[in-house]
Amino acid sequence: KNLSESEDELDEWNERISEAEAIAFLKGLKAHEYVAVDIETSGFDLDYDEILCVVFSCNSADATILPDHLLYKQSVVDAFNALKGVKWVGHNIAFDFVRLSWKLGIELKPYFDTLVAHYNLSEMGPHDLKTLAQVECGAPDWEAPIKAALKQSKLDSYAVIPRPMLYLYAAQDGIYTWQLFELFSERLRKTYNADLKRNFFDNLMPIVHLCIDMQLNGMRVDVDRLADLRLQFGDIEQSSRTSLRKVADRLVPNKPWPKGEFNPNSPQQVAKILYDVLKAPVWSESKIEGTAAQLSQSGGEKPDRTTAKAQLERLTYQPEPIKGFADMMLSYRNAKHVRTHYLNHFEPISDGRIHPIYQVHRTVTGRLASTEPNVLNMPHKGGIRNLIVPEEGNILIAADYSLAELRVAAMLSGDETFKGVYIRGEDIHDRFSTRFYGPEYTKIQRVIAKSFVFGKLYGRGWHSIAETFGLTRDAA
């Protein structure tokens with residue numbers, strides 16, 4: 001419907017459009033080589049939230065809305081699935097295509113994701129539609145009425161948005177997706193972007209398609225083991241919290257805490273115990289050479305009174321009672337982290353599986369990322385990885401390339417010594433550790449050498465290495 005129509009007219013049109021008109025429109029899309037598509041949903045839950053409308057745009061000026069009361073009709077779904085020759089365009093297209101498949105059985109092949117195209121051209125971001133449309137197309141803030149309506153309703157579901165307002169919003173999503181498609185397509189056609197164009201179409205978009213399939217397939221979870229781990233880590237979290245409060249009450253009997261009891265989630269209260277009461281060394285004075293405290297991956301510049309994990313790990317090498325308090329804080333935070341970041345997201349949905357979201361654009365290094373839950377970065381300890389189990393009669397296979405980044409670096413460098421290490425089957429980290437520290441290097445020195453080697457490939461500088469491992473500038 002034309003965007004110039006009033007909201008009342010749009011609402012009346014919504015009720016009037018027929019199933020036959022919807023099918024005729026979908027059939028008419030076959031005349032277009034490219035079609036931008038977007039959906040609006042009542043929320044983000046794959047199982048319970050519904051698709052409210054689908055928007056289509058084939059040019060930079062207008063869009064067409066297909067309302068939800070027609071989407072779930074089988075004849076409409078069949079007409080949608082018949083569009084095999086269309087090259088589909090979207091922004092964060094995996095979100096839309098996963099839900100179209102899950103909710104309606106509509107299977108589409110992604111051709112061009114404008115979010116991923118922007119990531120390919122400039123990996124630093126931001127990559128969201130609203131920001132890109134404003135920067136690249138001079139778009140207004142067309143989301144403002146939606147935000148106001150949600151604030152007024154005190155709900156966060158688009159289902160409460162008046163349909164005419166929702167359709168106007170959705171239409172602009174589709175139009176600006178099309179405009180970004182035209183802009184980014186033109187940039188990729190530039191001769192100097194030939195490598196980026198090849199990377200986008202030969203690598204990134206096939207991976208987007210794979211990510212859609214992986215999310216739809218999901219993973220089977222051992223629900224009995226999940227229940228056991230919830231109890232286990234819940235008990236650790238609770239007992240650690242209780243122990244920390246007892247220690248705090250003993251150390252600070254007057255209980256100056258805002259709510260009358262020590263809160264281990266408060267950095268200010270933890271810092272007061274560590275630095276004011278226990279007189280623990282601050283960050284700039286707590287470096288411990290030659291210990292596992294050097295191995296923290298969360299170093300870098302920090303305020304002196306930090307309570308970050310890296311500092312707590314350093315303080316475990318201090319005498320009691322500093323060590324004991326730091327140990328309890330680490331135990332509490334680890335249990336809470338496992339519960340909130342992993343166990344809470346491993347609850348299967350209606351098909352008995354979890355469906356993590358995979359994204360190609362979340363890291364500047366090009367590594368694949370996943371959320372809800374993050375199955376690509378599960379802790380080795382604690383049994384979290386054992387929650388993923390195969391279907392009956394199947395097995396899980398773990399496969400990993402051996403030193404893939406360093407082998408690629410050796411190939412690209414053309415350095416014969418570097419390549420020779422792999423050709424002869426030698427240990428590359430032994431070579432680097434020996435070069436840095438001599439043949440009698442320690443286990444910790446090997447870890448530092450490995451961190452340097454991998455960090456160097458991804459642009460890590462000496463300052464970061466020095467801060468993380470407590471090294472001098474010259475050593476780093």
Side-chain angles (χ1 to χ4, degrees), residues 123-124 195 199 203 207 283-302 306 308-317 330 334 360 362-370 374-382 384-385 397-476:
E123 68 271 13
M124 297 303 294
D195 287 343
N199 183 55
N203 295 326
I207 292 173
W283 174 253
S284 61
E285 301 171 357
S286 63
K287 297 175 182 177
I288 310 294
E289 296 282 355
T291 74
Q294 286 181 274
L295 308 185
S296 170
Q297 297 302 307
S298 55
E301 293 185 0
K302 297 186 185 300
T306 181
K309 180 181 178 182
Q311 171 69 339
L312 293 175
E313 289 177 340
R314 290 179 178 184
L315 295 181
T316 62
Y317 289 86
L330 287 169
N334 178 66
V360 302
R362 289 290 294 271
T363 68
V364 297
T365 60
R367 283 179 174 266
L368 194 65
S370 75
N374 182 359
V375 294
L376 299 181
N377 190 26
M378 292 189 287
H380 289 276
K381 298 179 180 179
I384 304 300
R385 296 188 173 200
I397 297 176
D400 190 16
Y401 286 112
S402 172
L403 302 170
E405 295 98 334
L406 289 175
R407 293 181 190 273
V408 170
M411 178 186 70
L412 294 176
S413 72
D415 186 282
E416 295 301 325
T417 302
F418 199 177
K419 292 192 292 184
V421 171
Y422 294 110
I423 293 172
R424 293 188 296 271
E426 298 174 3
D427 181 350
I428 187 67
H429 297 305
D430 175 70
R431 290 290 297 271
F432 278 111
S433 300
T434 301
R435 178 75 177 270
F436 293 159
Y437 299 109
E440 302 302 321
Y441 62 82
T442 66
K443 180 179 179 181
I444 290 171
Q445 288 171 334
R446 178 182 170 94
V447 173
I448 295 174
K450 287 178 67 175
S451 179
F452 167 79
V453 170
F454 283 116
K456 192 69 176 174
L457 293 180
Y458 289 104
R460 190 178 190 184
W462 69 266
H463 191 267
S464 171
I465 293 171
E467 285 292 334
T468 299
F469 298 112
L471 303 175
T472 65
R473 173 175 178 167
D474 291 341

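Residue numbers run from 1 in the order of the sequence given.
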*Asks:* Kindly give the heavy-atom pair with the smallest separation between T363 and G366, and that separation in Å.
*Replies:* OG1-N, 3.3 Å
*Asks:* In Å and rounded to the nearest 0.5 Å, what is the CG to CZ distance from D427 to R446?
*Replies:* 4.5 Å
*Asks:* For residues F418 and L406, report the shortest heavy-atom separation together with the two atoms involved.
*Replies:* CZ-O, 3.7 Å
*Asks:* Considering residues at least two apart in sequence or located in another chain, which fulfil the salt bridge (Lys or Arg N to Asp or Glu O under 4.0 Å) criterion with R424?
*Replies:* E426
*Asks:* Please report the C-alpha distance between F432 and K450 in whole Å, then the side-chain angles of each, then the deciding distance to 0.1 Å, and finally whether the side-chain contact (heavy atoms from CB on, under 4.5 Å) criterion is met.
*Replies:* CA-CA 8 Å; F432 278 111; K450 287 178 67 175; over 6 Å; no
*Asks:* Quick one: CG on N334 to CG on L312, what's the gap to the nearest 0.5 Å?
*Replies:* 12.0 Å
*Asks:* Are T434 and D430 close enough, and set up right, to give a side-chain contact (heavy atoms from CB on, under 4.5 Å), and what steps lead you there?
*Replies:* CA-CA 6 Å; T434 301; D430 175 70; 3.8 Å; yes
*Asks:* Please confirm whether the ring centroid of F454 lies under 6.0 Å from the ring centroid of H429.
*Replies:* yes
*Asks:* Take a 6.0 Å sphere around CD of E285 and say whether it holds more than 12 heavy atoms from other residues, nucleotides or ligands.
*Replies:* yes
*Asks:* Please identify each residue that fulfils salt bridge (Lys or Arg N to Asp or Glu O under 4.0 Å) with R367, with sequence neighbours left out.
*Replies:* E405
*Asks:* Looking only at heavy atoms, which two atoms of S433 and Q445 are closest? And how far apart?
*Replies:* OG-O, 4.5 Å
*Asks:* Closest approach of L376 and A369, non-hydrogen atoms and distance?
*Replies:* CD1-C, 3.8 Å
*Asks:* Measure the spacing between CG of L330 and CG of L315 and express it to the nearest 0.5 Å.
*Replies:* 9.0 Å
*Asks:* Can F436 and I448 be said to form a side-chain contact (heavy atoms from CB on, under 4.5 Å), step by step?
*Replies:* CA-CA 10 Å; F436 293 159; I448 295 174; over 6 Å; no
*Asks:* Please list all pairs meeting salt bridge (Lys or Arg N to Asp or Glu O under 4.0 Å) that have one or both residues in residues 407-421, counting only residues at least two apart or in different chains.
*Replies:* E416-K419
